[in-house]
Number of protein chains: 4
Amino acid sequence: MRKVDPEKHAARRQAILDAAKACFAKKGFHQTSTAEICAAVGMSPGNLFHYFPNKQAIIGAIVDQEGEETAAFFRDLGARDDLYGALVEFMDVVLDLAGDVDFASLALEISAEAGREPTIAARVGRNDRELRAALEQLLTDAGARGQVDPTLDIADTATWIAALVDGVFNRVAVDPDFKPENHHKTMRTLLGRYLRPQA
Amino acid sequence: MRKVDPEKHAARRQAILDAAKACFAKKGFHQTSTAEICAAVGMSPGNLFHYFPNKQAIIGAIVDQEGEETAAFFRDLGARDDLYGALVEFMDVVLDLAGDVDFASLALEISAEAGREPTIAARVGRNDRELRAALEQLLTDAGARGQVDPTLDIADTATWIAALVDGVFNRVAVDPDFKPENHHKTMRTLLGRYLRPQA
Amino acid sequence: MRKVDPEKHAARRQAILDAAKACFAKKGFHQTSTAEICAAVGMSPGNLFHYFPNKQAIIGAIVDQEGEETAAFFRDLGARDDLYGALVEFMDVVLDLAGDVDFASLALEISAEAGREPTIAARVGRNDRELRAALEQLLTDAGARGQVDPTLDIADTATWIAALVDGVFNRVAVDPDFKPENHHKTMRTLLGRYLRPQA
Amino acid sequence: MRKVDPEKHAARRQAILDAAKACFAKKGFHQTSTAEICAAVGMSPGNLFHYFPNKQAIIGAIVDQEGEETAAFFRDLGARDDLYGALVEFMDVVLDLAGDVDFASLALEISAEAGREPTIAARVGRNDRELRAALEQLLTDAGARGQVDPTLDIADTATWIAALVDGVFNRVAVDPDFKPENHHKTMRTLLGRYLRPQA
DNA sequence: TATGAATGAGAATTCATTCAT
DNA sequence: GATGAATGAATTCTCATTCAT
C-alpha cells in the first residue's frame, strides 16, 4: 500500500518527461509552454508543478536522465574484449538514435540551452565529461590490446569522437537529406583509418 | 545625395544584424526581445520594423549573410594547387571561429532553429548544401591530383567533414574546457588519416 | 475516550491558529498561502480544511480569540479601586504587546482586512465595541470616584484612547526606531494631563 | 512640441496612481490586480508597465507622493506665529482626510505593507521621519514662544502625536460609527491639556 | 481524521508588432 | 525615417480548495 504511491508518482513524473521531450524536440524548449506539456500528459496546468518546481527543472531532469542512459550503455559495453568494436558499436547506436529526428532535435536543443543557462550547462557538462571519460577508458584499454593506435593522444581523440557524435545530431537538423542509417559504412571507414594502429 | 540614403540604410541594417547576432549568441533567439536588439543598436522599438518585417526575418538575414561569407571563403580558397591543404586551412578557420564563443553559440542556435522553423530550415539547408558542394568540389579536385584518396565516396565524405564542423561548434557549448586553438594538430591527424591516399 | 478526541481537535485547531498568526504577522494574510500554514503546523494541505472551512475563517477565529483575550483582561482588571491606575496598566500592557513586532503587525493586518472584508469587519467591530465599552465603564467609574475628570465626554474619550492604542501598534510598523518600552513615561504624562480632574 | 510629450506621460502616470489609490483603498494592494488598475485607467493590460516597472513601484510612487504632500503642507504651515494653532490645524486636516474612507484605508494598507516589504518600509520610514521632524520643529518653536509646555520631551511628544494620527485613520477601518468630523473638539481638548504650558 | 494529488481560475508580467505623430 | 506609446495575447507559476484513498 505504501509502495504504490511513490510508483505512481514516479510514473507520472516520467510521463511528464516523455511528453516534454517530445514537445521540446518539436518546438524547442522556450517555444513550448508548460500548458502544452500538461495537455500532452493529460494533466491540469497547475499540477505539473507538483512534480517539477519550474520549467527549467524539467529539462534539467531530461538531461540527467539522458546522462544516466549513456552511462548505463557504457557500463554494459565495458564487459567485452573487442574494444574497438565497442567503439564502433557506440557510433552505430548514435546513428540509430540520430535516425529519430526528435532525439536529434532534442540533443541540439539541449546543447543550445547549455550555452546559455549555467544550471543546464553544469548538467550537460557533467554528462559530457562522463561520456569522454568512457571513451577515454575504451581508447586506453583498446590501445593496450593493440586494437587502437597507442600513439594517439587519448583525451584529444575522445574529444574529436565526441565532436563527431554532436555533429551527427546536428546534421539531422541542418540537412534534410541526411539519413543516418546510410552512414554506418562511412563512419567505419573514418573511425578505422583514424584510430587503427598505423602500419 | 541619392546615394547616401541607401548607404545609410544598409549600414543601419547591418548594425541591427550585428547587434542581433551578439544578442542571439548570448541569450538565444527566442530569449532575445526585439526591444533588446533595439537597445543594443540604439534605435527605437518601432524603427526596427522599418528594416525588417519581423523578428524571424532578422535571423533569416543573419543566416543568409553567413552563407555568403562561407561562399566567399571558398571562392578565395579555390585558386590554389594544394587542395588538401585548402581543406585543412578551412578547418583551421573553423577552429578559429569556434574560439569565439559567441560565434559558436550562434551557430548552434541557428541549427536548433532550423530544426523547427521551415523558413529558417530552408536557408540553413541551402547554406549547408553549398558548403557540402564546395567540400565535394575540393575533394574531387584533390582526388584527381592524388592529394586525397580517390576511392572515398565524395558526398559521404563531405557530409562527415560537415559533421565535424558542426561538432566543433557544439563542443564549445558543451565542454567548457574545450579550447579550439589547441586542436589544430589533432584535427590534422584525423583529416590526414581519413583522407590521404592509403598506402 | 470520548473526551480525548475533542481535546486533540481543539489542540490541533489552536496549533493552526498559532502558526497562522505567526505567518500572517510576517507575510500578511493574503501573502500567506494555506500551504505555508500547513507546513508550519506540520499538516497536510487537505487536512487544514477539516478544521476551518476556508482561509478567511482562520483570521476570523484569530480575531475572535483576540477579542476574548481582551475581554478577559478587562474582566480581571475590573475588581480594583484605582480605576485610573487600571487604565494606565492597560496601556502598559499595550506597550508591552507592541514590543512584539509580530503582534503589532498582526494587529495592523487585521485592521486593514477589516477595512475590506465585511465578515472580518463585523468581528473586529464587535471587539472594538467591547473594548470601548470596557474603557467607557472604567472612565465612568473612575469619574464617579474622582480619579478622572468627570466633565469629559465618556464615549469620545474612550474613542481617543482606542485611537492611541491603534496608533501605538501602527508606530511599530512605520518607525523602526520606535521602542514601545521607552514610552511608558510619556504615555503616563499624556493620559494624566488628558484625563485627570483639572485643577 | 517637445514639452507636450513629457506632460502627457506625467498625466498618464498620475492617472494610474489615482486609479491605483482608489483600487488599493477598496480592495487592498494584493487583492487588486494590475488588470483592474488598467481597466480603471482605461488602458491595456500591458501598457501599465511602460509607466511602472512592476506593481510594487506603484505603491512606492504613491507613498512618495503622499510624503511630498505632507511636506508641502508643513512648508505652508511654517510661516505663522501661532504654532500651537498650526498643530491643531494639522490635526484638523488629519480628521478631514480621515473622513474620506478611501484615504484612511489606503493609509492603513500602506502601513501594513511597510511592515513587510523593506522597499516600502524605507519610503514610509522616510515620510514618517519627516513628519516627526516637522512636528518636532513646531513643538520646539511653540515651546520657545510659550505656546506649548517647554518641559515636554520633544521627540517623544512628536511620536505620540504621530501615533494619534495613525490611530485616527485606524479608527475609520475598525469602527463604522466613528465619524472624524465630530471629533475636532475632543481632539482640541486632548491636545490642549497635553501640550499647553501647565499652570 | 489524514494524506497529497488534482483542479483550474487567476496573477504579474513580457513581447512582437502596430500606429499616430 | 524615427519615435515611443499602445495593444492584447501569451506565459509561467500560484493557490484555495476538492476529492479519492
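Scope of the values below: all heavy atoms of this structure, side chains included, with no hydrogens, waters or symmetry mates. Naming: A, B, ... by sequence-line order, numbering from 1 per chain. Everything quoted here is computed from the prediction, not taken from an experiment.
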*For His9(D) and dT21(E), what is the distance between atoms NE2 and C1' respectively, to the nearest whole Å?*
16 Å
*Closest contact, heavy atoms only, Lys55(D) versus Phe29(D)*: NZ-O, 3.1 Å
*Can you sort out the partners of Asp18(C) under salt bridge (charged side-chain N to carboxylate O under 4.0 Å, His left out), two or more places apart, ordered by chain and number?*
none
_Just N and O in the side chain of Tyr51(D): are any of them under 4.0 Å from OP1 or OP2 of dA5(F)?_
no
*asked:* Less than 4.0 angstrom from a charged side-chain N to a carboxylate O is my criterion; do Asp102(C) and Lys21(C) meet it?
replied: no
*For the pair made of CG in Leu48(A) and C1' in dG4(E), what is the distance, rounded to whole Å?*
16 Å
_Residues Glu113(A) and Gln56(A): side-chain donor-acceptor under 3.5 angstrom_ = no
*dT13(E) P sits how many Å from Glu36(D) CD, rounded?*
15 Å
*If every non-hydrogen atom of Glu36(D) is compared with every non-hydrogen atom of Ser33(D), which pair is closest and at what distance?*
OE1-N, 2.7 Å
_Go nucleotide by nucleotide along DNA chain E from the 5' end; which of Gln31(B) and Met43(A) gets its closest nucleotide reached first?_
Met43(A)
_Atom pair CG/CG of Leu17(A) and Asp64(A) - distance to nearest 0.5 Å_ = 10.0 Å
*dT1(E) and dT21(F): how far apart are their C1' atoms, nearest whole angstrom?*
13 Å
*Minimum-distance pair of heavy atoms, taken over all atoms of Ala61(D) and Arg13(D)*: CB-NH2, 3.8 Å
*Below 4.0 angstrom from OP1 or OP2 of dG4(F), is there any side-chain N or O of Ser44(B)?*
no
Using atom names, set out every protein N or O paired with an N or O of nucleotides 16-19 of chain E below 3.5 Å, distance rounded to 0.1 Å.
unit_1, atom_1, unit_2, atom_2, d
dA16(E), OP1, Thr32(B), O, 3.3
dA16(E), OP1, Lys55(B), NZ, 2.8
dA16(E), OP2, Thr34(B), N, 2.6
dA16(E), OP2, Thr34(B), OG1, 2.9
dT17(E), OP2, Lys55(B), N, 2.8

*Can you give the dot-bracket line for DNA chain E, using ( ) for pairs inside the strand, [ ] for pairs that cross earlier ones, | for pairs with another strand and . for unpaired bases, where Watson-Crick and G-U count if both distances are under 3.5 Å?*
.||||||||||||||||||||
_I need the CD1-P distance between Ile37(D) and dT13(E), as an integer number of Å._
10 Å
*Atom pair CD1 (Ile37(B)) and CG (Leu48(B)), whose distance is rounded to the nearest 0.5 Å*: 6.5 Å
*CZ of Arg12(D) versus P of dA5(F): gap in Å, rounded?*
11 Å
_Whole angstrom value for the distance that separates C1' of dA5(F) from CZ of Phe52(D)_ = 15 Å
*asked:* Restricting to non-hydrogen atoms, name the atom on Phe24(B) and the atom on Glu109(B) that form the minimum distance, rounded to 0.1 Å.
replied: O-CG, 4.4 Å
